[in-house]
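Following: one structure in structure tokens, then a few remarks.
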Amino acid sequence: MDWRHEWLTSFTSTAEHSGGIVLGGAVAVLLLTRYTRWGRQFRRLAFAYFRPGRTWAGWRLLLTLLLLLWLTVLGVRLEVLLSYASNGLFTSLQAMNADTFWFHVFVIGVLAAIYVSSSQLAYLIAQRLTIRWRTWLNDHALADWLNGRAYHRGRFVTAPVDNPDQRIEQDISMFAQQSYGLSLNAIAAALRLMSFTAVLWSLSGAMTIFGYQVPRAMVFLAYAYVIIASFVAFRIGRPLIRLNFLQEKLSASYRYALMRLMDNSENVAFYGGEGVERTTLTARFSSVIGNAWAYAKRSLRLQVFNGAVSQASVVFPYIIQAPRFFHRTISLGDVTQTADAFGQVHDALSFFRNSYGDFASYRATLERLTALMDANQESRALSGPAVIHRADALEIEDLRVWRPNSQPLIEGLTLSLSPGQALLVRGPSGSGKTTLLRSLASLWPHAHGIVRRPVGTHTLFLSQQPYVPLGSLRTALAYPEPGDLISEDRAREALRWVQLGHLEDRLDDETHWTRTLSPGEQQRLGFARILLTRPSLAFLDETTSAVDEGLEHALYRLIRERLPQCMLVSVGHRSTLSAFHTHHLHLLGAGRWGIDAAPG
């Protein structure tokens, strides 16, 4: 080894290898993303981010990848140089040559310093890359989930996905980290395999096997040893893919049951339903534990086999090279370098065998993320009435609404409302009152027809249980607009109008308002939103069911007085609501309906 000129040789070598890996990697990615299922899944998730486009940021990303690739190649080259330096070190010890010994100590020190520095630089760049990639993936997944209200309509698709929150938060992070780790480690393994095979080839001698003399036998034995071991390991570890997928699914199901109990703690406590809840939670946890045991047993079998193979490989090269060393045909440095090269070749060939568990987890992550994307896409393709913007009217033309089993709820509904008019929807339970409102909001996919109405913030939907977002009371009042758009004076005035004046001084308090406010107070908060946002059209689905008739009368009168041009569509059962509505829609069941003007 010519150490004086090695820096130039290494520079040209790493550049050539980097170029070859770029070309070979491009071909491999093209083949994998075309002919394998998991490759196509990876393409869906990753290609949009790594496409350079015309911006500097896109090209900077590619340059970052090339730098990481070069640092990986450099790391393997340094490992090869360290093996030669170690050879010289042990050979000088055997020869009792102090000057040569200290020279190789110096060389090892310099190489080690460069190796550590380049490794830390690669780690820093990789962390920056994966964090940015994770941020982009999170934004992309959130946009895809929220677009077209897929987060809600996804429950109506053929195969609804479980726990989309876990897939967005946890699986995206795992995908970014595993994609980087598996890909660069695979490249490093391929480089080590090529580099140390050449080293092992130069150190290996002939060996007689079953009466035949095999030249360079060490190389062939190493390959045969690891290939056979990898085949057995794949057979042992194959069920880990399915078990890993089930583990994430069952764990998420158990967490959801715990969260649901917390969200409905008061109802459970009123019923005294702790026994039933405990049975449900225990059953779900038992499924988690059962799958965990199956995963642990299968992993143990794989780990025992891999451990045995790895431990046997440690002593194997010494046994093979010992006769040549004792006959003084090779030096001590050659023996140690042979062991190092054999170990590197073994580890490189064993990469997929040792990484099978990680790859199984990666496959499961790809399945979960692409399943969410498929469900989002399918939910946006579901049917629904055509909603056309019209600022000054509500017109419903030939609206059909049916149950998931195709049983009709409403057939051929046609009506219109002008500014200032109000419609009260009535009918027996199960006749489709709430489903009608969901259809008009494009939330119910089993509907068809034409709806012309104000869209966006010009329309406000209030359910029986108003949604109270996380954050301050001001945020809850302004929802779905940002809280900072409402001045303190307007917010205080709106609270007083709906008889929530006792909360004026808590506008900017951040607490769990859903638990702090009673159902009646939450419904009054919904009316305050109407007064603040001043919509052209408001849908009210039994939004006064938790208040008494006197307060209900006061809230509706407040809307009629302060927003006289606002069109209202209400669902309710109380006769006191008739005074605030100009038209009545009666749902009679089996698709039948009738409409008339309110008396008086």
Side-chain angles (χ1 to χ4, degrees), residues 1-22 24-25 63-93 100-130 177 180-203 222 310 313-314 317 331-351 354-355 358:
M1 180 67 69
D2 184 3
W3 292 108
R4 293 184 178 180
H5 300 90
E6 180 55 37
W7 66 271
L8 179 59
T9 303
S10 295
F11 179 80
T12 56
S13 174
T14 54
E16 291 173 356
H17 288 161
S18 297
I21 289 173
V22 169
L63 292 175
T64 301
L65 287 175
L66 292 176
L67 178 58
L68 272 176
L69 182 62
W70 181 79
L71 288 171
T72 302
V73 175
L74 177 62
V76 175
R77 180 64 183 176
L78 289 170
E79 290 174 357
V80 173
L81 295 179
L82 282 167
S83 75
Y84 278 104
S86 297
N87 186 331
L89 182 74
F90 283 99
T91 300
S92 63
L93 280 174
T100 306
F101 171 80
W102 290 112
F103 172 77
H104 284 97
V105 169
F106 172 75
V107 171
I108 290 173
V110 172
L111 292 174
I114 298 174
Y115 183 82
V116 171
S117 300
S118 63
S119 298
Q120 295 304 310
L121 177 61
Y123 173 79
L124 179 62
I125 295 174
Q127 289 301 307
R128 185 171 180 266
L129 174 65
T130 54
Q177 295 174 2
Y180 158 75
L182 288 172
S183 58
L184 281 190
N185 287 339
I187 292 172
L191 285 170
R192 289 190 183 96
L193 181 62
M194 292 185 295
S195 301
F196 283 97
T197 295
V199 174
L200 194 61
W201 184 269
S202 66
L203 294 170
S310 298
S313 68
V314 174
S331 66
L332 178 62
D334 290 337
V335 174
T336 57
Q337 189 179 16
T338 299
D340 179 56
F342 182 88
Q344 293 282 7
V345 170
H346 170 268
D347 291 344
L349 283 172
S350 303
F351 170 75
N354 293 328
S355 301
D358 294 335

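Using a 4.5 Å heavy-atom threshold, the side chains of Phe90 and Gln337 count as separate. Here the side chains of Tyr84 and Val199 are in contact, with some heavy-atom distance below 4.5 Å. Using a 4.5 Å heavy-atom cutoff, the side chains of Leu78 and Ser10 are not in contact. Between Ile21 and Thr72, every side-chain heavy-atom pair lies at or beyond the 4.5 Å cut-off. Side-chain contact between Leu332 and Leu93: absent, with no pair of heavy atoms (C-beta onward) separated by less than 4.5 Å.
A donor atom on one side chain and an acceptor atom on the other are not found under 3.5 Å apart for Thr14 and Arg77.
Separating the CZ atom in Phe196 from the CG atom in Leu191 is a distance of 10.5 Å, to the nearest 0.5 Å. Atom OH in Tyr115 sits 10.5 Å away from atom CD in Gln120 (nearest 0.5 Å). Atom CG in Asn87 sits 10.0 Å away from atom CG in Asp340 (nearest 0.5 Å).
Although no hydrogens or angles enter the test, the distance criterion places no donor-acceptor pair under 3.5 Å between the side chain of Ser195 and the main chain of Arg192. In this structure a side-chain-to-backbone donor-acceptor pair under 3.5 Å is present from Thr130 to Ala126.
The ring pair (Phe, Tyr, Trp, His ring centres under 6.0 Å) test applied to Phe342 returns Phe316, not counting sequence neighbours.
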Could you list the donor-acceptor pairs under 3.5 angstrom formed between side-chain atoms of residues 102-114 and any protein atom two or more places apart in sequence or on another chain?
unit_1: His104; atom_1: ND1; unit_2: Thr100; atom_2: O; d: 2.9

Pairs under 3.5 angstrom only: tabulate donor-acceptor contacts from the side chains of residues 180-189 to other protein residues two or more places apart or in another chain.
unit_1: Ser183; atom_1: OG; unit_2: Ser179; atom_2: O; d: 2.6
unit_1: Ser183; atom_1: OG; unit_2: Tyr180; atom_2: O; d: 3.1
unit_1: Asn185; atom_1: ND2; unit_2: Gly181; atom_2: O; d: 2.9

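A pairwise comparison of heavy atoms in Ser331 and Thr91 identifies OG-OG1, 3.2 Å as the closest pair. Between Gly333 and Thr336, the shortest heavy-atom contact is O-OG1, 2.8 Å.
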